[in-house]
Every structure is written in structure tokens, then in C-alpha cells.
Amino acid sequence: MRLFLSEGSPGSLPVLAAAARARGRAELLISPVGPEECVVPFLTRPKVPVLQLDSGNYLFSTSAICRYFFLLSGWEQDDLTNQWLEWEATELQPVLSAALHCLVVQGKKGEEVLGPLRRALTHIDHSLSRQPCPFLAGDTESVADIVLWGALYPLLQDPAYLPEELGALQSWFQTLSTQEPCQRAAETVLKQQGVLALRPYLQKQPQPRPPEGRAVSNEPEEEELATLSEEDIAMAVTAWEKGLGSLPPLQPQQHPVLPVAGERNVLITSALPYVNNVPHLGNIIGCVLSADVFARYSRLRQWNTLYLCGTDEYGTATETKAMEEGLTPQQICDKYHALHADIYRWFNISFDTFGRTTTPQQTKITQDIFQRLLTRGFVLQDTVEQLRCEQCARFLADRFVEGVCPFCGYEEARGDQCDKCGKLINAIELKKPQCKVCRSCPVVRASRHLFLDLPKLEKRLEDWLGKTLPGSDWTPNARFIIRSWLRDGLKPRCITRDLKWGTPVPLEGFEDKVFYVWFDATIGYLSITANYTDQWERWWKNPEQVDLYQFMAKDNVPFHGLVFPCSALGTEDNYTLVKNLIATEYLNYEDGKFSKSRGVGVFGDMAQDTGIPADIWRFYLLYIRPEGQDSAFSWTDMMIKNNSELLNNLGNFINRAGMFVSKFFGGCVPEMVLTHDDRRLLAHISWELQHYHQLLEKVRIRDALRSILTISRHGNQYIQVNEPWKRIKGDEVDRQRAGTVTGVAVNIAALLSVMLQPYMPTVSATIQTQLQLPLPACRILVTNFICTLPAGHRIGTVSPLFQKLENDQIENLRQRFGGGQLEESSELKAKAPPKSAVAEAVPTAGPQQIQMLMDEVTKQGNIVRELKAQKADKNQVAAEVTKLLDLKKQLALAEGKPIETPKGKKKK
């Protein structure tokens, strides 16, 4: 093999470091060439580094050369490494090349160099800090580590360009930089001159083009217009002129929705929420709302789409909640299932069916899957030591045990999984375990249980993943979680529990047990579909014709990406398995976590009481969707995004476009005579629309929302530059120009109404009503920008779409949901009388809560009396009186009494 390198070429760094891995495996000759020397005969421009193989073939991509050296050393490829290499080529290199040119050739420094690169560096840092491994793809360095290290080294070897706050990135970079192969490569390429050693080479290269990608941040950036050819423009104009006639015929809506041979059949599930937990904003964006956007988009594409969800209702948590409220488990499930359904209905979630797991179909399908696994030898029996709370007189479900994680030391680890390190835990492994109900220390007791033999199924799972993952849209965190489980080796997993409320185990000797909820909860998708249609197997036993998309937060990945696939593969019953597993990171609340008990954060049953419409909540949650890293809900940011992106950008443009039609042209769309600039705008809109499609097809929901806002900004700029309100007062040419601009603008507004439909369905429908958009254009979103409102089309009444959020309004909401207030639980709402037009009933609390408050009032009253008797300082007395009045107010609320205004002393 011969490796061609040019002095000062940045690509030489990773290549030389990787070549050290293959030393002794093959003979390698290094040949220096000039920067303008063309080594690869079929390339028209010089390209280095280049590796000429013994076969005569050439590798001329840095990552491909590095990958080849690693493969020679015995390294095995994996999906996560491939994703990092793709990210390096598409996301990192464009901004890094520009930064190096800026520093080395143009002599700029500081933020001018580092600024455009910060997002990429932060992405690497967050990825490293979220995982227990020191390298990008595992416990040892991979080709991804070497390629990224080599790309970044010329810049980051200067501490000024390695931000101190990126601690994980610093640690990773220093670890690699101290390894001998990397040290040698750096000495060979930079020759003690630092980044200036690259100058002779970079000066002879063309200046890098600014990257065209969108930055994933909470702040809009100035959009770079795509470079368009005359052919692109001509194609866009042709599509525009075809108009409504180019739309495909509307597919008739069927019920039930069933797969159709020869069509794209999309099955979408959202992780089943546990029935007695009221979902907070993080739960809503992580599962149902994200899935809803994709389901609505799929329907706009006329894909045959079924979207389902439901409540997960079995388990100890339900039994305990029933005891607390003095109800049966079934009554608890009925009550909270209705509450969940109400919340999702208010958020406008478009389920085709919203079911539940406490059904005969759930029992039938779960028991069938179990029997098939048992018959095929994938079920084991063993004695299990479990934690039993003697005070509660019951075995404790894993989620009702809390203690110190045996792996990472996290102090609030659950009995089944640690939320910090993500590792599975057997409850008895916890250090300092506590019963979450009574906080006593449980004892260990033995019980006979059934296990799913995951080690025996591991090969089948590996084979399935090998076929499924390449080319799929599994999110990087989902791939990483599953690979980390497999790297550690699968272990048998208990599938039964000593409970009463659950799916019965159909096996002699186990009649007093039920299936563990994590085993049968994912089967809930099948039983919910079976309750929707008796032809459920056409969806769930049809992997050849059905694309299954499953949406969840990352803590649910092991059960959907590993446990259920193992169970289904073991049945040998041709089940449909997940093709695209979409997992979000976590959404935090302001500077902390959501907590119903502490009154911190907005929960689903509270959002509708804020006075902020559901579509605004949808928009903001999708805008900050935690796709690549954790994100945080912020009241201030929500106000800013509403007022800037919705009110001033999107709403302003659509309202102006419609008002110009109404005010200047009598409500009819005017004739449009397109200029070259208009045609170029059509092409830019089409390009952005196609980008929107590409992103949503890859389920990059947050980024696709940015495309909508980008088109709206183009529209605002188009209106602002052309000033139709002035031209309408001019001569015939000016009036014609005003008509063209107005006609194009109102058609852009029509397009935005359809693109907006997956995100803000109510706003979308409002725009379409105002514009009187024809029904086919409302129901179908094609890939090109077409004229859906031709000249002469009459629009309806136009009115503003959004309202401004004010500072004092937001500050009140921040204080209300910031903790310390009486818990605004949906349990209380369920007991409250219905609202009337005359007066709103005040929800009352349970007797235990009222008694607790009464005790607190008595205790505080005694404190006040003692202070007054002691003639204590007036300020101290006043402070304690304030506490007493606040407690009395809480007690009045809890008892459902009206709050009396304190009567002050009359002034003499």
C-alpha cells in the first residue's frame, strides 16, 4: 500500500494516527506529494491524503482511509461509529474548515474563529458527558475518535479554542492527545509550529463555503439562501404553474385503518403512559406529541397511517393508588384513563385509537406469546430473592423501591433501573433500599419465578438488528443504549411478580402470580389494536408491508428495542418489529425537574388553565424538543418565541398577505406576472419545502419546524422589499407589481398553513378557513410549491392568529408553577363538581390532607400566641402571622370554602 500525503494537509493527522493501528499487518509506503499534484487519475482536482491499495484501487476520503487501517487491525464496525463519521463529514467539517481558513489564512482570532464552531464542540461534549464510557462509541477508542481528534487537533491544541466549560470534551481530547500514535502524528504534521504549519497548504486551497446547515439552537439565525441553478428555477416555475391539477386524488378515509398491499403502511405507537401518573410537559413532548406530528405528516403524504396509544394499567403502583383513594384498582384505572384521554384531547393529539391494557385481548395475546416462548424453551424457572415490606405486608414492585445505585452511586435509583447511568438493576442489589410508600427498610424473601432466557435469544436479536439498523431512522441515543446492553451481555430477566393486579400467568404452580408489567406492557400495543379491529394481525404480523415507528423517552428504549423484539422473535410468529425507534432525551423545567408533589412544573391537566391555547404549547414544546440532548422549558423563552416567531414572524406574514388581498383587491387573489426574482423566490420556497420533507422523513421534528419559520421569514422579506402597500397607489405597472407580490405572498401563506398542520393543527385550520383553501390542498402536502390560490380565488375574513404574551402574565405563571403552591392535582379535579356559568366550584382535598393542614394551623397558631405573650419583636410576630394566614388560606382551599379577605383594623 502507498499513502500519499502533502505537507501541511490537516487530513494527514488522523490518517497517520490510524496507520499506527495497522503497523505490522501490511507493508505501508508513505510518499510526499505537492498540494497541487493530482494523485488519483480519475479526479479532476488534487486530493490528499490518498491511499493506493495493493489492488490498484484508491481511497481518498480521510475517514475511509482511517476506517481501512482500523479494519486491518481487527476492529469491528458498529452503527454508532458510522453515525459519528457521517456527522464529522456533514456537520463538523464544513464549520471546521471555515474556522481553520479564518484563523490560518485570514489571521482572525477569538470568537470569529470559535463562534461558528461552538455548536459542534458542545454536541461532542454533551454526547461524551451523557455516557459512562470515555470514548465516542465505547470503552476503547474507535475510528470515530481518531477522525474527530485529528480534525480538531490543529485548533484545539491551542487552549484558547478549547472552552473550559466543555469538561468532557477536554478530558476526551487530552486522553487521545497523550497516546503515542497521536503524539507522533502531531509531531510529524505540525513540526513544533502549531497551526501555522498548515498555512502553505491551506493558502493554495479554495476558500471554504459557509455551511448551509441550520444550527439547532433556540435562537433563529440568518438563513443562507440555497445556491440555485437556472434549471432549479425553471423546474420550480413549472411545478407552480401546474397548480391544483397536479395534486394526486384524495384517498378515501377508511375505518378501521388497515394496511393496503402496494401502499406505504405506517404504524405509529407512542409509549403507553402509566395510568396513575398525570403526564407533565416532558412526558407529552417525549411521546404523544412527537408521535402526533409524525402521524399528521404521514397522513398529509397520504401514507396509510394508524396511530395508537393507551394507558398502561397493571402493576403495584395501581394497587397502591387504589388503597390511598379507597377505590378498587379497576376504578382507579377508569378514573385516570379518562383523565389522560382528556389531557391528550385538549392537546389535539390525533390518535386513531386510545386504548388501555386492562382488557381480555391483553390477557389473550400476552398468554399466547408466553405459551409460544415456553414451548420453544425460552422460559426458565428460578427462585428469586425479593424485597418485601413487612410494614405494608407486600412484595415491592421494583419502582416502589428506591436506594443507592450499585454501579454509579446515584442516591435515587429505582429498583429496576438507574435513571442516571441507565443500567438495569435487580432491586436487592440496591444499597440502602427503602419502601417508597412508607420509607421503611424492606427485607429479602425468596419466591419462585419465571424468566425470559435473553442469552438464548441474543443471537436472533443481533441478526435482526444487523438487518434493521442500517438505513433505518433509529435515533443515535437508541442505538447507543441497545449496543451498550449487548456489549455487557444479556442476562435472563424475570417476567413474573407476586401481585394480584395484572395479567394472570397460565402455568401450573404460578396461578398466584401475574406477568411483570415490563413484559406485557409493550404487548399492550397489540391488544389495543385488537380492540380497535379484529384484523389486528394485518398490522402486527405483517413485517413485509408495515413500517413500525415507535416514539418514547430514552428510558423506554431497552423494553422496545430489546425485550419485546426478543419476545416476538422467540415466538417465531412473524411479528412486526420496530423499524424506526425514535427516542428523545429529557425535558427539564426551568433549572430543575418536574415534581407534582412539590408543585414544580406544568402538568397536562394544568396547561389548559393557563389561558394559553393548546397550539402555543405544542409549538413551544416542539421548538425545544430534546432531540440530541436534554433541553429545558423556560417561561421567559416561551414568551420570547411566541412574541417573535409566532406573532412577529409567522402571524405577521400570514395576516399581511391576507389583508392585502382583502384591502387592495376586494378579497380576490390578483393576477400574478412573475419576474425573475419572483421565480427565484418560488425555487427557494420549493427548496425549503423539500428540506422540510427530508427532515420529517428522518423524524427530525424540531429541525423541520425551523423550515416553516424560514419560509415565513422569506415571505416577510419579500413583502418588505416590494412594498405592495406603496405600489398599489402608483401607476399601472406598480399596481400590477403589487398584485403579483400579494398573490405570491398569499400562496406562500397557504403553503405554510399545510406545513404547519402537524405542529399547530388549530392554527392551520384557522388559516385555511380564512384563505378558503380548497379541500385537496388542505389534505395533501406535495414536494413542490404549487399555486393553490389562483387569480380570482375569493378568500374569507382575515383576522390575527396570535396574541402577545405579556411579562406580568408570564411572571405570574412562573410563580404559580415554581413550587410551594398547594398541589393542583387532577385527582381533586376529578372529585370537584362541574363548573357553572355562575360560579366556579373550588376543588376539595381528601380528609388526610385536610387533617394535616388543620394540625399545621393549630401548631402555627400556638407559635403566634407564644410570641405575643412574650411580647416578641413586632417584625418577628408579623412574619409568623403571615405564615398562619397562608396556612389558613390553604386549609380553606382544601375544604372548598371561599377565601375570606383579612379584615384590617379601622384607622382612627
Side-chain angles (χ1 to χ4, degrees), residues 1-3 5 11-30 49-55 57-90 92-93 124 127-128 131-153 171-186 188-189 458-459 461-463 465-472 474 476-490:
M1 293 187 298
R2 176 173 291 189
L3 180 62
L5 301 175
S12 302
L13 268 165
V15 164
L16 288 173
R21 292 285 298 256
R23 189 173 291 122
R25 306 292 179 110
E27 186 176 344
L28 180 66
L29 177 65
I30 296 179
V50 172
L51 181 65
Q52 184 179 14
L53 305 178
D54 294 335
S55 63
N57 292 329
Y58 294 91
L59 299 178
F60 46 88
S61 152
T62 299
S63 61
I65 296 170
C66 293
R67 187 199 302 268
Y68 186 80
F69 286 139
F70 265 72
L71 289 172
L72 283 178
S73 71
W75 170 78
E76 294 185 3
Q77 298 189 63
D78 63 89
D79 292 307
L80 189 56
T81 299
N82 291 338
Q83 287 177 58
W84 274 115
L85 292 176
E86 181 181 350
W87 179 84
E88 187 271 343
T90 59
L92 177 62
Q93 272 301 333
I124 301 171
S127 299
L128 289 165
Q131 59 192 42
C133 316
F135 297 101
L136 294 172
D139 293 318
T140 58
E141 74 271 14
S142 68
V143 64
D145 293 284
I146 296 301
V147 169
L148 265 72
W149 170 85
L152 292 167
Y153 185 83
S171 176
W172 168 84
F173 181 73
Q174 289 163 4
T175 298
L176 288 167
S177 298
T178 54
Q179 292 184 358
E180 186 180 353
C182 295
Q183 284 184 330
R184 286 184 180 176
T188 302
V189 176
E458 188 167 352
K459 178 65 168 59
L461 181 72
E462 286 274 20
D463 292 344
L465 287 170
K467 296 174 184 176
T468 301
L469 290 180
S472 75
W474 282 47
N477 57 355
R479 293 171 187 257
F480 177 78
I481 289 168
I482 294 301
R483 284 300 178 194
S484 64
W485 271 52
L486 289 170
R487 188 170 57 242
D488 296 339
L490 300 184

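The figures here come from the full heavy-atom set of this structure, side chains too, leaving out hydrogens, waters and symmetry mates.
- Heavy atoms only, all atoms of each residue included: Ala17 and Ile146 are closest at CB-CG2, 3.9 Å.
- Between the CG atom of Leu486 and the CD1 atom of Ile481 there is a distance of 12.5 Å, given to the nearest 0.5 Å.
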- Message: Show, in sequence, the C-alpha distance, side-chain angles and deciding distance for Arg483 and Glu462, and conclude whether the salt bridge (charged side-chain N to carboxylate O under 4.0 Å, His left out) test is met.
- Response: CA-CA 10 Å; Arg483 284 300 178 194; Glu462 286 274 20; 3.2 Å; yes

- Task: Apply salt bridge (charged side-chain N to carboxylate O under 4.0 Å, His left out) to Lys467 and Asp463, showing your working.
- Result: CA-CA 6 Å; Lys467 296 174 184 176; Asp463 292 344; over 6 Å; no

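- Note that the CG atom of Leu3 and the OG atom of Ser12 stand 7.5 Å from one another [nearest 0.5 Å].
- With values rounded to the nearest 0.5 angstrom, Leu51 atom CG is found 7.0 Å from Leu28 atom CG.
- Using a 4.5 Å heavy-atom cutoff, the side chains of Pro49 and Ile65 are in contact.
- Screening residues 171-183 for salt bridge (Lys or Arg N to Asp or Glu O under 4.0 Å) gives Glu180-Arg184 as the qualifying pairs, with residues at least two apart or on separate chains.
- With sequence neighbours excluded, no residue forms a ring pair (Phe, Tyr, Trp, His ring centres under 6.0 Å) with Trp485.
- Heavy-atom minimum distance, Trp149 versus Trp172: N-CH2, 3.7 Å.
- The two residues Glu88 and Ala151 have their closest heavy-atom pair at OE2-CB, 3.9 Å.
- Within the 4.5 Å cutoff, side-chain heavy atoms of Leu152 are placed close to those of Leu92.
- The shortest distance between side-chain heavy atoms of Thr140 and Asp145 does not fall below 4.5 Å.
- Looking at heavy atoms from C-beta onward, Arg21 lies out of side-chain contact with Leu72 at the 4.5 angstrom threshold.
- The distance from the OG1 atom of Thr81 to the CZ atom of Arg479 is 12.0 Å, given to the nearest 0.5 Å.
- Between the Arg67 side chain and the Val143 main chain, no donor and acceptor come within less than 3.5 Å of each other.
- A distance of 10.5 Å separates CZ of Phe69 from CZ of Arg23, quoted to the nearest 0.5 Å.
- Heavy-atom neighbours of Gln183 CD from other residues, nucleotides or ligands within 6.0 Å: above the threshold of 12.
- For the pair Trp474/Thr468, a side-chain contact is recorded, criterion being any heavy-atom separation below 4.5 Å from C-beta on.
- Contact detail for Val15 and Thr62: the closest heavy-atom pair is CG2-CG2, 4.0 Å.
- Pro476 approaches Leu80 most closely through the heavy-atom pair O-CD1, 4.3 Å.
- Using a 4.5 Å heavy-atom cutoff, the side chains of Tyr153 and Val189 are not in contact.
- Ring pair Trp84/Trp87 is perpendicular by interplanar angle, where above 60° counts as perpendicular and below 30° as parallel.
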- Task: Step by step, work out the side-chain contact (heavy atoms from CB on, under 4.5 Å) result for Leu490 and Leu461.
- Result: CA-CA 11 Å; Leu490 300 184; Leu461 181 72; 4.2 Å; yes

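- Between the side chain of Ser177 and the main chain of Gln174, no donor-acceptor pair closer than 3.5 Å is present.
- Taking 4.5 Å as the limit, some side-chain heavy atom of Leu128 sits within range of a side-chain heavy atom of Leu136.
- From Leu71, atom CG reaches atom SG of Cys66 across 11.0 Å, with rounding to the nearest 0.5 Å.
- Here the shortest heavy-atom pairing between Ala185 and Leu13 reads CB-O, 3.5 Å.
- At a threshold of 4.5 Å between non-hydrogen side-chain atoms, the residues Leu469 and Ile482 do not count as touching.
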- Task: Let me see the working for Ile30 and Leu16 under side-chain contact (heavy atoms from CB on, under 4.5 Å), right down to the final yes or no.
- Result: CA-CA 10 Å; Ile30 296 179; Leu16 288 173; 3.9 Å; yes

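- Partners of Phe70 by ring pair (Phe, Tyr, Trp, His ring centres under 6.0 Å), not counting sequence neighbours, listed by chain and number: Trp75.
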